Amino acid sequence: HPHPPAHPHPPAHPHPPAHPHPPAHPVVMVHGFGGASLFYFKNIDALTKGRMVITMDLPGFGLSSRFNFTPSADEAERQFVEIIEIWRIQMKLDRFILAGHSFGAYLVTCYAIKYPSHIHHLVLLDPWGFAEVPSPETADEVVGTFPPGIRISVAVNKVFSFYPLSHIRASGPVGYFLLRLTRPDLLRIFGETTFNYLYHCIAQIPSGEIGYYHIQHLFAWAKRPLVKRIGLLHNPIGITMITGANSWLNNSLTGQWIQQQRPKSHFAAHEVVDAGHHVYAERSEEFNALMTSVCAGVDDA
């Protein structure tokens, strides 16, 4: 979409079930910051055995329209949520299982708080944005444990107040090699084709990145952390959290916070061994089996 429509909504990528069974709840999967629906290519075949799975490009990412986000954490978050709701209406979806990775997990939780009647269950994949912003000293210590590419994004944000991936675009054609140098993990996890696609998405005029920029603080934290709001989520909606044991994001307390604020609601946490932040791709077979089991449990509930 070279020009944003009056009411922009992300393109959908529906994947009909490979072997239709009695009605099962559809699943909507939302990617994280800087990503796209293509990142779930290792999961679609397995997850569509018996149910509809829809992967979506968030506004301003992937193939979605480049939306002009308002420079305010509250307003940018609201715009993301409302565009997802416009997309849901256009897709004629009623109730579904909603899964999100990282920043996508943050947004789907915000969406579920605002529009709970459409959600059967939330699946949070290595979620971002729950913890409160720490002191500057603690933040510096935490950032020091991040992968090199993420530390660069933090530095660009902190020192120059630029958007997180500005250094890639500012480097021109060299930006591709800079991305390869600083994020070899993405190349290893997703392969050459998806990595190239990621670079060309980043190289476009930033949009979703700007929305994220207004919502985040030092890349790893949200200005409006969900630890303060998860208790607002409608009680009947259950949550499953799936994390990677080797992730750079620390979610060790996230499950505890969720259970403390939602003691009467279903919550389950699963940690996948030998997986990092992109748990769905790094250990795709284990993730697919786990996700299939979670969805089957929701169907039977």
Side-chain angles (χ1 to χ4, degrees), residues 1-4 8 10-11 30-41 57-71 73 76 80 101-104 106-107 126 128-129 136 139-223 247-249 276-278 281-282:
H1 305 284
H3 304 287
V30 179
H31 62 83
F33 170 74
S37 58
L38 181 63
F39 276 28
Y40 291 119
F41 73 91
D57 289 339
L58 286 169
F61 293 105
L63 297 179
S64 283
S65 300
R66 267 45 195 170
F67 183 78
N68 293 322
F69 287 93
T70 300
F80 270 114
H101 171 249
S102 193
F103 178 53
Y106 175 89
L107 292 179
D126 221 55
W128 173 94
D140 288 342
E141 291 178 10
V142 173
V143 170
T145 68
F146 293 170
I150 296 177
R151 292 204 302 271
I152 291 174
S153 291
V154 172
V156 167
N157 184 335
K158 183 177 181 179
V159 178
F160 301 105
S161 297
F162 290 166
Y163 303 130
L165 301 175
S166 295
H167 59 291
I168 301 296
R169 288 183 294 274
S171 301
V174 177
Y176 174 76
F177 301 100
L178 180 60
L179 187 63
R180 289 179 72 99
L181 179 66
T182 57
R183 295 306 305 269
D185 55 319
L186 297 180
L187 184 60
R188 171 181 54 83
I189 294 167
F190 295 106
E192 193 82 28
T193 300
T194 303
F195 186 87
N196 291 345
Y197 177 76
L198 169 63
Y199 166 73
H200 287 290
C201 288
I202 292 173
Q204 296 184 54
I205 296 173
S207 170
E209 180 182 339
I210 295 176
Y212 170 81
Y213 172 81
H214 296 308
I215 291 170
Q216 60 79 45
H217 174 76
L218 293 182
F219 202 86
W221 295 276
K223 293 176 181 175
S247 176
W248 60 269
L249 267 183
H277 184 50
H278 295 276
E282 294 176 70

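In this chain, numbering begins with 1 at the start of the sequence shown. The model shown is predicted, which means the values in this text are computed figures rather than measured ones.
- Taking the six-membered ring where the residue is Trp, the centroids of Phe80 and Phe69 are separated by under 6.0 Å.
- Leu198 CG to Thr193 OG1: the interatomic distance, rounded to the nearest 0.5 Å, is 12.5 Å.
- Closest approach of Ala36 to Gly62, counting heavy atoms only: CB-CA, 3.9 Å.
- Atom-to-atom distance recorded for Tyr213:OH and Tyr163:OH is 7.0 Å, nearest 0.5 angstrom.
- Between Leu179 atom CG and Ser171 atom OG the span is 10.0 Å, to the nearest 0.5 Å.
- Evaluation of the ring-ring contact (aromatic ring centres under 6.0 Å, His included) rule for Tyr106 yields Trp128 as partners, not counting sequence neighbours.
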Donor-acceptor contacts, no H, no angles, side chain residues 202-211, under 3.5 Å, sequence neighbours left out:
| unit_1 | atom_1 | unit_2 | atom_2 | d |
| --- | --- | --- | --- | --- |
| Ser207 | OG | Phe67 | N | 2.8 |
| Ser207 | OG | Phe67 | O | 2.6 |
| Glu209 | OE1 | Arg169 | NH1 | 2.7 |
| Glu209 | OE1 | Arg169 | NH2 | 3.2 |
| Glu209 | OE2 | Leu165 | N | 2.8 |
| Glu209 | OE2 | Arg169 | NH2 | 2.9 |

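- In terms of heavy atoms, Ser102 sits closest to Gly32 at CB-CA, 4.4 Å.
- Lys223 and Gln216 get closest at one heavy-atom pair: CE-O, 3.1 Å.
- Every residue two or more places apart in sequence or in another chain was checked for a ring-ring contact (aromatic ring centres under 6.0 Å, His included) with Tyr197, and none qualifies.
- The ring of Phe61 has its center closer than 6.0 angstrom to the ring center of His31.
- Looking at residues two or more places apart in sequence or on another chain, you find a side chain to side chain contact (heavy atoms under 4.5 Å, CB included) between Leu187 and Arg180, Glu192, Phe195.
- His101 is listed as a side-chain neighbour of Tyr40, based on a closest heavy-atom distance under 4.5 Å.
- Residues satisfying the side chain to side chain donor-acceptor pair (under 3.5 Å) test with Thr70, not counting sequence neighbours, are Gln79.
- When every heavy atom of Arg183 is checked against every heavy atom of Ile150, the shortest pair comes out as NH1-CG1, 3.7 Å.
- Judged as a side chain to side chain donor-acceptor pair (under 3.5 Å), and not counting sequence neighbours, the contacts of Ser247 are Asp126.
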Working note: Asn196 + Tyr176, criterion side-chain contact (heavy atoms from CB on, under 4.5 Å); need CA distance, chi angles, decisive distance, verdict. CA-CA 8 Å; Asn196 291 345; Tyr176 174 76; 2.6 Å; yes
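- Ala220 is linked by a side chain to side chain contact (heavy atoms under 4.5 Å, CB included) to Phe146, Trp248, counting only residues two or more places apart in sequence or in another chain.
- At a threshold of 4.5 Å between non-hydrogen side-chain atoms, the residues Val142 and Trp221 count as touching.
- Thr194 pairs by the side chain to side chain contact (heavy atoms under 4.5 Å, CB included) definition with Leu38, Phe39, Phe41, Phe190, not counting sequence neighbours.
- Counting heavy atoms from C-beta outward, Val30 and Phe103 have side chains that stay 4.5 Å or more apart.
- Looking only at side-chain heavy atoms (C-beta outward), His167 and Ile152 come within less than 4.5 Å of each other.
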Let's go through Tyr212 and Phe219 carefully: what are the C-alpha distance in whole Å and the side-chain angles of both, what is the deciding distance for side-chain contact (heavy atoms from CB on, under 4.5 Å) to 0.1 Å, and is it a yes or a no? CA-CA 9 Å; Tyr212 170 81; Phe219 202 86; 3.8 Å; yes
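- Taking CZ of Phe33 as the start and CG of Leu107 as the end, the distance is 12.0 Å to the nearest 0.5 Å.
- With sequence neighbours excluded, the residues forming a side chain to side chain donor-acceptor pair (under 3.5 Å) with His278 are Tyr280, listed by chain and number.
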